[in-house]
Amino acid sequence: MVAASQTTGEGWSSRTAFILAAVGAAVGLGNIWRFPTLAGESGGGAFVIVYIACVFLLGLPLVLSEIFIGRAGQTDAVGSIRRVATQSKASPGWSIFGGIGALAAFLILSFYSVVAGWVLYYAGVLGADFVQALLAGDPFRGALAGESQAQIQQRLDDMFANVGLLLVVHLFFMGLTLFIVARGVHAGIEKAATILMPIFFALLVGLVIYGAIEGDMGEAMTFLFTPDWSKLTPAVMNSALGQALFSLSLGVAGLITYGSYIKSDGGLGPTSAMIAMADTSVALLAGLMIFPIVFSVGLDPASGPTLVFQSLPFAFQTMPGGALIGFLFFMLILVAAVTSSISLLEVPTAWGIGERGWSRTKSAAIFGGGAFVFGIFSLLSFNLWSDVRILGFWDIFAETNIFDTIDGFTGKIMLPVGALLTSLFVGWKADRNLVRTTTGLSPAMFGLWRFLIAWLCPLAVTVILVTGLFPAILGS
Ligand code: PFF
């Protein structure tokens with residue numbers, strides 16, 4: 001039986017509101033921090049092309065499938081899958097992947113908030129620096145005037161060593177996420193997305209234009225769009241596939257949950273395409289914002305996760321208006337992170353409401369509070385517990401700290417498993433008429449979608465899963 005849930009009462013006020021919220025969920029640290037980092041480390045163009053292929057061939061059909069389950073189910077992820085399964089005469093046991101998704105969302109939220117906390121700190125540092133520039137009557141000076149490159153780079157290490165500071169910013173960010181989710185779908189999530197997403201796009205476009213004027217756009221374009229096929233190793237393909245899932249928020253039942261707040265039938269094909277296109281465009285624009293700046297000051301595009309925190313502040317120092325731009329840059333990432341973290345918290349929160357009958361406030365507080373506490377393990381990976389290896393017995397995690405282990409476990413295992421089960425369930429088990437009427441796909445599009453979801457996705461995702469778990473197969 002499908003639990004009578006309070007979630008059924010809540011809904012988006014319009015399709016646009018849903019699209020903004022879903023794009024807000026998709027666009028996040030994954031686009032602005034992880035994508036440029038991976039593209040930089042994997043040699044640019046070849047990675048980018050594989051990533052785009054993954055988004056449209058695998059990601060888009062999965063986006064549509066998750067939204068379909070939510071729209072048809074009208075309650076939390078577990079309850080929605082159970083309802084679609086029952087209506088399709090399939091085993092209600094399929095709902096297990098809703099539970100795996102909710103657990104993955106909780107785990108991702110725990111470390112996502114830690115990284116968002118760093119962003120918050122940098123936004124604060126550069127904000128204060130900009131205020132100083134204003135007070136000094138020089139609003140267009142570069143950022144962090146008077147600091148040497150070594151001092152700027154040292155700032156990140158100092159931040160990692162300061163456990164109290166990390167706890168405060170993590171707590172603040174999680175508190176903000178919890179506050180928005182507790183207010184509900186309409187007054188919280190939708191309102192945040194409709195206010196923040198336009199601000200986000202305005203900032204993004206402004207910063208890309210700035211990069212084009214002040215930076216080296218030509219070199220950035222060459223780097224991002226000229227494929228060097230010799231760099232295309234199986235490991236690069238593997239990480240491009242994983243990044244496509246992460247960036248589109250797939251495999252954690254996030255779009256099932258958001259889809260359950262849609263009230264009207266049909267039009268899900270174009271809606272899904274808009275979400276996938278918006279997310280990909282933002283990743284590419286983020287690349288076109290960051291790499292011109294990186295190249296213009298001769299920084300290394302492959303510097304990894306610290307690219308955004310160590311390299312860019314240095315670049316902002318040498319560029320005109322850098323104090324203001326640096327501050328806006330970190331605000332942009334912060335806005336993107338908030339609209340994603342609320343979707344992460346919403347998945348388990350909806351589960352608590354739908355399956356346990358908890359009030360929204362109680363459910364959000366339990367999972368938000370829990371993710372804060374659990375996140376402390378990740379936070380300590382950068383200082384006190386940097387040597388702790390929680391899954392050290394497993395060769396792929398033998399060398400990774402707690403943060404990277406949870407990131408790797410969710411990204412390499414839980415998301416692909418979630419995506420695999422979603423594709424098998426929707427491709428093979430869900431009633432086809434229910435899919436057709438709910439999604440409103442034309443017969444031709446339905447045929448194409450069915451091929452991708454029933455055949456290509458399971459195959460390709462199995463490949464990611466196996467190669468991710470047994471890297472020896474790839475010879476790496
Ligand atoms: N898509 C988000 C990003 O790219 O930052 C991360 C994410 C958000 C994953 C929400 C999963 C999710 F449910």
Side-chain angles (χ1 to χ4, degrees), residues 20-39 51 54-55 59-60 62-63 66-67 69-70 76-77 97-116 118-119 173-174 177 180-181 189 192-193 196-197 200 204 239-260 275-276 278-287 305 308 332-351 367-368 371 406-407 409-419 422:
L20 281 175
V23 171
V27 170
L29 296 172
N31 302 61
I32 307 175
W33 172 61
R34 217 162 173 252
F35 174 80
T37 300
L38 288 175
Y51 169 77
C54 292
V55 165
L60 178 52
L62 281 163
V63 168
E66 284 206 14
I67 299 178
I69 297 174
D76 69 280
F97 74 82
I100 298 176
L103 179 62
F106 173 85
L107 292 174
I108 294 176
L109 176 63
S110 73
F111 71 79
Y112 205 82
S113 169
V114 171
V115 181
W118 309 343
V119 177
F173 185 82
M174 192 67 86
T177 304
I180 297 173
V181 170
I189 301 175
L196 294 178
M197 289 318 285
F200 172 84
L204 181 66
S239 75
L241 280 161
Q243 172 63 10
L245 292 183
F246 184 87
S247 190
L248 290 169
S249 308
L250 289 167
V252 300
L255 287 170
I256 300 183
T257 309
Y258 273 22
S260 75
I275 296 169
D279 185 63
T280 310
S281 313
V282 172
L284 295 176
L285 283 173
V308 160
L332 171 96
I333 308 184
L334 198 59
V335 167
V338 174
T339 52
S340 295
S341 66
I342 55 182
S343 75
L344 287 164
L345 180 55
E346 179 64 13
V347 182
T349 299
W351 177 86
F367 292 112
I406 300 175
D407 181 16
F409 187 79
T410 49
K412 284 187 177 160
I413 301 172
M414 297 185 83
L415 298 192
V417 167
T422 309

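Model, not experiment: these values are computed from the prediction. Just follow the structure's listing: the first ligand is 1, and inside any ligand the first atom is 1.
- Here the side chain of Thr410 pairs a donor or acceptor atom with the backbone of Ile406 at under 3.5 angstrom.
- Taking the side-chain contact (heavy atoms from CB on, under 4.5 Å) definition, one finds that Ser110 meets it with Ala371, Phe374, sequence neighbours left out.
- Taking the side-chain contact (heavy atoms from CB on, under 4.5 Å) definition, one finds that Leu241 meets it with Cys54, Leu58, Ile464, sequence neighbours left out.
- For Phe111, the ring-ring contact (aromatic ring centres under 6.0 Å, His included) partners at least two apart in sequence or on another chain are Phe403.
- Using a distance-only test at 3.5 Å, with no hydrogens or angles considered, a donor-acceptor pair links the side chain of Thr257 to the main chain of Ala253.
- The side-chain heavy atoms of Ile189 and Tyr258, taken from C-beta on, include a pair separated by under 4.5 Å.
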Starting from the N and O atoms of ligand 1, collect every protein N/O partner closer than 3.5 Å and put each pair on its own line with the distance to 0.1 Å.
from: ligand 1; atom 1: 1 (N); to: Ala25; atom 2: O; distance (Å): 3.4
from: ligand 1; atom 1: 1 (N); to: Ala26; atom 2: O; distance (Å): 2.9
from: ligand 1; atom 1: 1 (N); to: Phe246; atom 2: O; distance (Å): 2.9
from: ligand 1; atom 1: 1 (N); to: Ser247; atom 2: O; distance (Å): 3.0
from: ligand 1; atom 1: 1 (N); to: Ser249; atom 2: OG; distance (Å): 3.1
from: ligand 1; atom 1: 4 (O); to: Ala26; atom 2: O; distance (Å): 3.0
from: ligand 1; atom 1: 4 (O); to: Gly30; atom 2: N; distance (Å): 3.4
from: ligand 1; atom 1: 4 (O); to: Asn31; atom 2: OD1; distance (Å): 3.3
from: ligand 1; atom 1: 5 (O); to: Leu29; atom 2: N; distance (Å): 3.1
from: ligand 1; atom 1: 5 (O); to: Gly30; atom 2: N; distance (Å): 2.7
from: ligand 1; atom 1: 5 (O); to: Tyr112; atom 2: OH; distance (Å): 2.6

